[in-house]
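One structure is given below, encoded as structure tokens.
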Amino acid sequence: MYWNEKYETMPREELKKLQLERLKQTVERTYHNVEHYRKAMQERGIEPSDIKTLDDLKKLPFTTKQDLRDNYPYGMFAVPMSEIVRIHSSSGTTGKPTVVGYTRNDLNTWAELMARALVCGGAGREDVIQNSYGYGLFTGGLGVHYGAERLGASVIPTSGGNTKRQIMIMKDYGTTVLTCTPSYALYMAEVMQEMGIDPKKDLKLKHGIFGAEPWSENMRREIETKLNISAVDIYGLSEIIGPGVAIECKEKRGLHIFEDHFIPEIIDPETGETLPMGEEGELVFTSLTKEALPMIRYRTRDITRLIEEPCSCGRTHIRMERVNGRSDDMLIIRGVNVFPSQVESVLLEIGETEPHYQLIVDRVGTLDTLEIQVEVSDALFSDEVRRLEQLEDKIKKEIETTLGISAKITLVEPKTIQRSEGKAKRVIDRRKF
Amino acid sequence: MKIKQISVFLENKSGRLAAVTKLLAAGNINIRALSIADTSDFGILRLIVNQPDKAYRVLKDAGFTVTMTEVIGVAMSDEPGGLAGVLEILEERGVNIEYLYAFVGSACDDALVMFRVENIDDAIEVLKAEGVKVLTGEEVYSL
């Protein structure tokens, strides 16, 4: 089953021709309409006419999250604001948020890609799709929503939260497809158990399309067993378009990237060299059809590898393996992006010159926990318990304001945090995905 | 009139206090008095020793977070009401006490109590004006 058979099963040679044609247009458009890209290309002595083959993509400069921040909020847009019909943004956890915009055509493309993704994940127009991704600035909710409508399925826009009501709706309205984060799916399964609801008997659920955070094969098996469904992984990021960049098919062996709209590359995150097909490295995307926010070689920081071998589902689009890490030190805790550097800046403000700290992330039940251990240096130390408790409290509050999630603060003795080659190990992630 | 007190940050786990006392023993430093204030996560060890500067260096070199603070050593009659009398004076004069702890044994007949106060100079003046016996550092270290 395909949503768009022509494009999804397009012979590779033809697909490559289409990609080149669209790449040339994208480079041309960005060069003329976005100052950042023009400058970046000029610095490398490149003009749009230098892009003659797909291999020439390598000549183009990378784009990073920092570039988006430097051009906050609309500096990277390639169309006038009158053409923008939607704006989404990231939580902005490491400073300024990332703002993304869409033209009417972009929303059209997005809905098309999400419709493809839903079909790829097993959904059809007869289905009742309960969309429990958060609606709002986050691209997850509305992205899935418009795709499901495009598909012609019945969408229930429950958004996240209020789990018991979600389950009641699932049961009474006969939900057949659930879309949410994998951890929320697991949590729902637990609450169902408490409520005495047996998915096998009481629900009509068949498929789950889960993403927006890392998960594993074990977690998939657990969700599939507990909810009595087939679960697939969906991938996307707002800078590229949102959910619907790549998705697993029924084979569940890698996620098909919609290559008629995006070109993936794998690079060495240290050197920026493009790596040979099949090698693991950082995933980089170039958008081919986006109007409002075209992206040239955007560094996702996600670590994966590409799979070139044809897939038995018939789709000719290349697959990427499930993301298995980050090239920076970003953590996703309870759905929130966390960088250790944010903790560092909080400690610096509190009066530490060179703070030694460690983030310990764990999962208790289905909930992520964060503990931050801080070495007590002379600058922080007081010989009064009250003062040290005030310090803990202050760090806790600042961390909560900065990260958007709460953390347990533990003061520890100097040199107790393990250092490798003189540098402290900043993160211990004990979660088992 | 001020007595040097060594405060050490300790995690609330086994062996930490022993680590401190071992270091002091190796440095031939004698503990005159000590107190521990603790929470569920950490504790603060406060020490009066015969060689405060050396103790500070030894602990610091071993990587401990150490601070040197000043406290007042007060001698009072070792009988009911001894401490009450001193506290009454301090309260009347509005001297705020952060914490206090008693000395472990002593060579004299008096009971010795270490006071940590907000304004140490004022407190010493107040006590002396009221005829309370305030000990010097030398007196305490050499006990």
Side-chain angles (χ1 to χ4, degrees), chain A residues 343 347-348 350-362 364 369-400 406-425 428, chain B residues 2-20 22-23 33-49 52 55-72 96-101 114-120:
Chain A
V343 173
L347 294 173
L348 277 169
I350 285 174
E352 264 294 44
T353 44
E354 195 204 346
H356 287 295
Y357 58 92
Q358 190 166 53
L359 280 68
I360 298 169
V361 192
D362 209 341
V364 180
T369 59
L370 172 63
E371 178 189 350
I372 300 173
Q373 295 191 342
V374 183
E375 284 188 4
V376 175
S377 64
D378 291 348
L380 294 179
F381 186 48
S382 156
D383 91 315
E384 285 164 47
V385 172
R386 180 167 53 98
R387 295 254 160 81
L388 287 181
E389 282 179 337
Q390 280 169 356
L391 175 72
E392 274 186 341
D393 226 44
K394 191 173 168 198
I395 298 174
K396 190 178 160 63
K397 286 205 179 93
E398 294 282 322
I399 291 284
E400 214 168 312
S406 62
K408 179 188 187 306
I409 310 298
T410 308
L411 300 178
V412 300
E413 285 171 33
K415 309 261 160 33
T416 49
I417 291 170
Q418 223 184 66
R419 287 154 171 80
S420 50
E421 287 143 28
K423 224 179 142 202
K425 193 167 166 10
I428 294 180
Chain B
K2 296 169 200 167
I3 293 158
K4 289 174 178 173
Q5 172 189 253
I6 307 287
S7 302
V8 191
F9 179 85
L10 293 179
E11 269 175 65
N12 219 342
K13 59 186 187 192
S14 61
R16 300 315 295 153
L17 181 59
V20 172
K22 225 186 205 165
L23 279 166
L34 66 81
S35 102
I36 295 178
D38 69 325
T39 71
S40 57
D41 290 335
F42 62 84
I44 300 166
L45 170 66
R46 298 166 186 141
L47 294 166
I48 305 291
V49 297
Y56 179 84
R57 227 176 30 247
V58 165
L59 292 170
K60 193 100 210 162
D61 290 348
F64 282 96
T65 295
V66 193
T67 180
M68 183 107 81
T69 44
E70 289 176 325
V71 293
I72 309 172
N96 205 353
I97 302 167
E98 305 279 4
Y99 56 81
L100 58 79
Y101 54 97
M114 311 307 300
F115 285 84
R116 168 80 171 152
V117 296
E118 260 176 33
N119 192 328
I120 193 165

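Numbered from 1 within each chain, the chains take letters A, B, ... in sequence-line order.
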Smallest separation among heavy atoms of [X] and [Y], with atom names:
| X | Y | answer |
| --- | --- | --- |
| B:V66 | A:D378 | O-OD1, 3.7 Å |
| B:I44 | A:S382 | CD1-O, 3.7 Å |
| A:F381 | B:V8 | CZ-C, 3.8 Å |
| A:K408 | B:D41 | NZ-OD2, 3.5 Å |
| B:A37 | A:V385 | CB-CG2, 3.3 Å |

Original post:
A:V376 versus B:F42: any side-chain heavy-atom pair under 4.5 Å?
Top reply: no

Checking heavy atoms, do the side chain of [X], its backbone, both or neither come under 4.5 Å from chain A?
| X | answer |
| --- | --- |
| B:Y99 | side chain |
| B:L10 | both |
| B:T67 | both |

Original post:
Can B:F9 and A:L388 be said to form a side-chain contact (heavy atoms from CB on, under 4.5 Å), step by step?
Top reply: CA-CA 10 Å; B:F9 179 85; A:L388 287 181; 3.9 Å; yes

**OP:** Please say whether more than 12 non-hydrogen atoms of neighbouring residues, nucleotides or ligands are located less than 6.0 Å from NZ in B:K22.
**Re:**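 For B:K22, atom NZ is not crowded (no more than 12 foreign heavy atoms under 6.0 Å).
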
**OP:** Return yes if some donor-acceptor pair links the side-chain N/O of B:E11 with the main-chain N/O of A:E413 below 3.5 Å, else return no.
**Re:** yes

Subject >> Residues B:T39, A:E392; criterion side-chain contact (heavy atoms from CB on, under 4.5 Å); working and verdict >> reply: CA-CA 12 Å; B:T39 71; A:E392 274 186 341; 5.8 Å; no

Original post:
Between atom CD1 of B:I6 and atom CG of A:D383, what is the distance when rounded to the nearest 0.5 Å?
Top reply: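 Here the interatomic distance stands at 10.5 Å.
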
Original post:
In Å, rounded to the nearest 0.5 Å, how long is the span from OG1 of A:T416 to CZ of B:R16?
Top reply: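 Nearest 0.5 Å value for the OG1-CZ distance: 8.0 Å.
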
